[in-house]
Peer 1: 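Supplied in structure tokens, the structure appears directly below.
As the structure lists them, so they are numbered: ligands from 1, and atoms in each ligand from 1.
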Amino acid sequence: MLAEQAAAAIAERTGVARHRIAVVLGSGWQEAAAEIGNPVATVPMAELPGFDTPTAQGHLGTVHSVPVDDSPVLLMMGRQHLYEGHEPAQVVHGVRTAVAAGADTVVLTNAAGGIRPGLRVGEPVLIGDHINLTGRTPLTGATFVDLVDAWDPELRALAREVDPALTEGVYAGLTGPQYETPAEIRMLGVMGADLVGMSTVLEAIACRALGARVLGISLVTNLAAGVTGAHLSHAEVLAEGHAAAPRLGKLLRGVLERI
Ligand code: 6GU
């Protein structure tokens with residue numbers, strides 16, 4: 001399997017046989033990596049079997065091995081999205097590789113639009129549940145995967161120990177790349193979504209199918225269409241990530257130390 005080949009390449013290139021934890025750093029989260037620790041090794045994703053270089057702006061496209069309290073953590077600096085034209089199997093190749101590399105816990109991060117009134121730009125929010133509106137799945141065949149508590153309650157509690165101000169929300173995953181219309185955001189709010197983005201849900205499903213625990217954190221980089229009447233741009237996603245990087249990095253470091 002391609003994920004096993006990529007995991008073997010990571011072990012060889014990093015000199016680390018098993019990474020027990022993996023973190024996927026999405027849009028707005030790249031700078032937070034510096035707060036987690038110094039990598040002992042960095043491998044370009046393009047040099048690993050089955051990976052493409054991410055095209056999303058701000059995604060570095062590298063994999064880092066970072067020791068946190070002597071425990072090796074695999075940091076994935078960027079991801080593949082459906083909106084880049086990838087199939088679900090390609091979108092989840094990173095997390096399947098992480099699990100094959102030894103990860104039983106995967107932390108998924110992303111940038112999201114805030115739908116729920118009261119959410120503030122620059123605020124990290126724990127993903128408590130999701131709504132998969134991509135119309136796609138990474139799974140094939142009769143694998144009936146249970147998604148109750150897909151977003152691990154113990155890991156969420158642990159994150160709240162690090163940052164008691166964290167709230168939780170339901171993340172609606174769409175394909176993009178267009179942002180939603182104001183009418184679509186009203187619909188998502190009625191459906192029970194607090195956050196909206198273009199990633200993460202397929203990765204979470206793939207992780208649960210493999211039995212890995214999942215923690216998700218969204219950085220609210222803008223209020224979703226119609227919430228304020230403002231227009232949306234990827235530039236503000238990157239700018240808010242830059243501003244929030246120290247807080248996000250400390251949060252991740254604190255979580256990783258406790259896992
Ligand atoms: Cl408002 N929508 C989507 N789909 N993704 C986002 C976003 C909004 N803000 C950041 N990422």
Side-chain angles (χ1 to χ4, degrees), residues 23-32 54-60 76-86 88 91-92 94 107-138 151 166-205 215-245 247-248 251-252:
V23 186
V24 178
L25 293 162
S27 297
W29 287 78
Q30 308 283 302
E31 283 178 56
T55 62
Q57 213 195 331
H59 288 232
L60 288 184
M76 304 214 150
M77 305 295 291
R79 57 156 58 91
Q80 319 280 181
H81 302 82
L82 291 172
Y83 65 69
E84 293 168 278
H86 296 302
V91 170
V92 304
V107 182
L108 301 172
T109 68
N110 61 43
I115 299 175
R116 183 176 74 213
L119 287 180
R120 283 202 300 256
V121 169
E123 180 180 354
V125 179
L126 292 172
I127 300 178
D129 204 345
H130 76 241
I131 304 176
N132 176 12
L133 291 172
T134 66
R136 309 299 303 271
T137 174
W151 300 90
L166 283 173
T167 66
E168 294 195 359
V170 173
Y171 176 92
L174 282 71
T175 60
Q178 70 284 354
Y179 290 114
E180 300 69 37
T181 63
E184 287 165 344
I185 293 298
R186 285 194 297 277
M187 173 192 77
L188 293 170
V190 170
M191 289 170 105
D194 302 303
L195 304 156
V196 58
M198 306 176 193
S199 66
T200 307
V201 293
L202 300 185
E203 292 154 274
I205 292 166
L215 175 69
I217 317 175
S218 290
L219 172 66
V220 178
T221 55
N222 52 268
L223 300 183
V227 176
T228 65
H231 288 273
L232 307 181
S233 74
H234 193 61
E236 72 189 334
V237 170
L238 300 179
E240 291 305 328
H242 176 72
R247 180 177 177 192
L248 301 180
L251 171 60
L252 285 176

Peer 1: For atom 4 (N) of ligand 1, which candidate among Glu180, Glu184, Glu240 provides the closest heavy atom?
Peer 2: Glu180
Peer 1: Any idea which part of Ala112 is under 4.0 Å from ligand 1, heavy-atom wise: side chain, backbone, both or neither?
Peer 2: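 Under 4.0 Å from ligand 1, Ala112 contributes backbone atoms alone.
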Peer 1: Please report which non-hydrogen protein atom sits nearest to atom 5 (N) of ligand 1, along with the residue it belongs to and the distance in Å to one decimal place.
Peer 2: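 Looking only at protein heavy atoms, the one closest to atom 5 (N) of ligand 1 is Gly197 CA, 3.3 Å.
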Peer 1: Got an N/O contact under 3.5 Å between Gly113 and ligand 1?
Peer 2: yes
Peer 1: Decide yes or no for Asn110 and Ser27: does some side-chain heavy atom of the first lie under 4.5 Å from some side-chain heavy atom of the second?
Peer 2: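 No, side chains not in contact.
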Peer 1: State whether the shortest distance between N or O atoms of Gln178 and N or O atoms of ligand 1 falls below 3.5 angstrom.
Peer 2: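 The answer is no, given that Gln178 and ligand 1 share no N or O pair closer than 3.5 Å.
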Peer 1: If you compare all heavy atoms of Leu202 against all heavy atoms of Arg136, which two are closest, and at what distance to 0.1 Å?
Peer 2: CD2-O, 3.4 Å
Peer 1: Could you give the side-chain donor-acceptor pairs of residues 117-130 under 3.5 Å, partners two or more places apart or in another chain?
Peer 2:
residue, atom, partner, partner atom, Å
Glu123, OE1, Arg120, N, 2.7
His130, ND1, Trp151, NE1, 3.1

Peer 1: Using a strict 4.0 Å cut-off to heavy atoms of Ala111, name the atoms of ligand 1 that fall inside it.
Peer 2: 10 (C), 11 (N)
Peer 1: If the contact criterion is a heavy-atom separation under 4.0 Å, does Val196 count as touching ligand 1?
Peer 2: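 It does, in that a heavy atom of Val196 comes within the 4.0 Å cut-off of ligand 1.
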Peer 1: Taking the side chain as C-beta and beyond, is there a heavy-atom pair between Arg116 and Val170 under 4.5 Å?
Peer 2: no
Peer 1: Strictly by salt bridge (charged side-chain N to carboxylate O under 4.0 Å, His left out), give each pair with a member in residues 171-187 just once, sequence neighbours left out.
Peer 2: none
Peer 1: Have a look at Val121, Asn222, Leu219, Ile115 and point out the one with the heavy atom closest to atom 1 (Cl) of ligand 1.
Peer 2: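 Residue with the shortest heavy-atom distance to the ligand atom: Asn222.
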Peer 1: Among Asp194, Leu108, Leu195, which residue meets the side chain to side chain contact (heavy atoms under 4.5 Å, CB included) test with Ser218?
Peer 2: Leu195
